[in-house]
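Order of the sequence lines sets the chain letters (A, B, ...), proteins ahead of strands, with each chain counted from 1.
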Amino acid sequence: MSWAAHQFEVYAIQAHLPKRMRGKVSFFGIWLGDFMPDFLSKFWVYGITVNGQHYGSLIPHQWHRGWPGMGLTHTPALAIVLTAVIFAWRRSRGLSVGFLLGYAAHALTDVNDSVGTMLLFPFSTENWSAQAWAYSATIDGGKYLDAAAYYSSLGLAMDLIWLVVALCSWRVLTRQYWQDVVVAADVRGWSALGKVLPERALLALYRATFFYGLARLVSWNAWARLVARPTIDGVTRFGYPIDLSWTGPWWMPAASLDGVNPWLVLPAAAALLGAVYAAVVLLWAPMGRAEVAFLSRKRPGHAA
Amino acid sequence: MTEDEFGKVEEALWYGIAFVSYVVLAIWHKWLLNWFVGPLWLVATVWVGPLVVRRLPWRRRAHAARVGQAARR
C-alpha cells in the first residue's frame with residue numbers, strides 16, 4: 001500500500017486539472033475519491049484487539065486488495081459506479097469528476113506494491129502489481145511493521161516522488177489559489193463551512209491533508225530510523241535497514257496474490273490514467289448540460 | 001487585509017508550531033497519526049493558537065497600549 005503518496009496526490013491532481021476544468025472541479029470530490037478506497041476497506045486490515053481477542057481480517061492483503069475480499073474497493077470499476085451514483089444523486093459535474101479522478105489516482109498508485117489492485121475487475125480478478133515494494137500489512141506486525149517496511153523500501157521513493165510533484169505545483173497550497181480556484185469550484189461547500197469556521201481555519205482545512213501527509217512521512221521515518229530497535233534474523237539493530245531494491249525490503253516477506261506479468265503493469269496503469277483523463281474531458285460538456293438541465297427543472301429561474 | 005487574516009510570518013510560525021509539535025509527539029504516540037487527528041491538529045493549532053495568545057494578559061496590555069498610542073496620534 002502507499003502511505004503519504006495518497007495525501008500528496010490529491011494536490012497533484014488539483015494542480016494538474018485540464019485548463020477548462022480549473023475552478024470547476026471540486027477539491028472535496030478529489031479528496032473524497034482519493035480516500036474512499038481505504039475508508040471502505042482498511043479498517044479491517046489491521047483489525048483491533050479487545051481483551052486479548054483480535055478482530056480483523058485473517059489474511060490482510062487478501063481482504064484489502066483481493067477477491068473474495070474488499071479488493072473491489074480499489075478498482076476503476078467501483079470508481080465508475082460510485083461516480084455515476086454521485087452524479088445521479090447530486091447532478092454535480094465538479095464533484096463527480098473530482099471524485100473519479102481522486103479514486104482512479106488511488107487505485108493506480110496502489111498497483112506499485114507487491115499485491116497491486118484488480119484493474120480489470122469484474123472481468124478479471126487477477127491483480128496488477130508492479131511489485132516495487134513489499135505489501136507488509138500483517139496481523140502480528142500491525143501498522144508498525146507495515147510502516148517500517150514501507151519506509152525502508154521503494155515505498156519511501158513513491159512518497160517522495162508525489163511530494164516533489166505536489167511541491168513543484170506549490171501555488172496550489174497558497175491562499176490566493178485556494179480563494180480563486182478551490183473555493184470558486186465549491187462555493188456552497190466552503191460557504192457552509194464558513195458559517196462555523198473563520199477563514200484561516202478554512203485555509204488550514206484545505207492544507208490539512210498535505211500537512212498530514214508530510215507529518216506522517218517525517219514521523220514514521222524518524223521512528224523507523226532513530227527510535228525503533230528491531231531484531232532481524234536474531235540481530236538487534238539501530239533502526240530498520242533501508243533496502244531500495246525491487247520488492248524490498250529484504251527483511252520483510254512480500255505478500256502477493258495471483259497477478260499478471262509485472263512488466264505489463266506500469267504501461268497499463270499509464271494507459272488507464274490516460275483513458276480516465278480522456279473520458280473526463282469527453283464527458284465534461286455533456287455532464288455540464290445535464291447539470292444545467294437538472295438545475296433548470298429544480299429552480300425554473302436558473303440560468304446556465 | 002481582512003480581520004481574519006494574519007501576517008505571513010505569523011501564519012508560517014503557527015504552521016511550523018503545528019508541524020513540529022505533531023511530528024515530535026507522533027514519533028512516540030503513533031495513535032496520533034491518523035486521518036482525523038492530523039488534519040484536526042493543524043486546524044486547531046492555526047485557528048485556536050492565535051486566539052489563545054491574543055488573550056494572554058501581557059499581550060492584551062501591549063495591544064491596549066498600541067491602540068492608545070494610535071488614538072493619541
Step-by-step side-chain contact (heavy atoms from CB on, under 4.5 Å) determination, A/Trp178 to A/Leu202: CA-CA 10 Å; A/Trp178 172 69; A/Leu202 295 178; 3.6 Å; yes
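- The backbone N or O of A/Val45 sits less than 3.5 Å from a side-chain atom of A/Ser57, completing a donor-acceptor pair.
- Counting heavy-atom pairs closer than 4.5 Å to chain A, the top-ranked of the candidates B/Leu32, B/Val24, B/Ile27, B/Leu40 is B/Ile27.
- Interface remark: A/Leu203 contributes backbone and side-chain atoms alike to the contact with chain B (heavy atom separation under 4.5 Å).
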A/Val10/A/Phe35 under side-chain contact (heavy atoms from CB on, under 4.5 Å): CA gap, chis, key distance, verdict: CA-CA 9 Å; A/Val10 170; A/Phe35 278 64; 4.2 Å; yes
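- Both the backbone and the side chain of B/Ala18 come within contact range of chain A, judged by heavy atoms closer than 4.5 Å.
- Outside the 6.0 Å centre-distance limit, the rings of A/Tyr55 and A/Trp44 are not counted as a close aromatic pair.
- Proximity of the aromatic rings of A/Tyr103 and A/Phe99 is defined here by a centroid distance below 6.0 angstrom, and this criterion is met.
- A/Tyr135 and A/Asp146 form no side-chain donor-acceptor contact under 3.5 Å, judged by distance and modelled atom types alone.
- Taking the centre of each ring, B/Trp41 and B/Tyr22 come in below the 6.0 Å mark.
- Using a 4.5 Å cut-off between heavy atoms, A/Asp38 contacts chain B through both its backbone and its side chain.
- At a 4.5 Å heavy-atom cutoff, the contact between B/Trp35 and chain A is made by backbone and side-chain atoms alike.
- Checked against the 6.0 Å centroid criterion, the rings of A/Phe27 and A/Tyr11 qualify as a close aromatic pair.
- Along residues 209-217 of chain A, the residues that come nearer than 4.5 angstrom to chain B, judged on non-hydrogen atoms, are A/Phe211, A/Tyr212, A/Leu214, A/Ala215, A/Arg216 in order of number.
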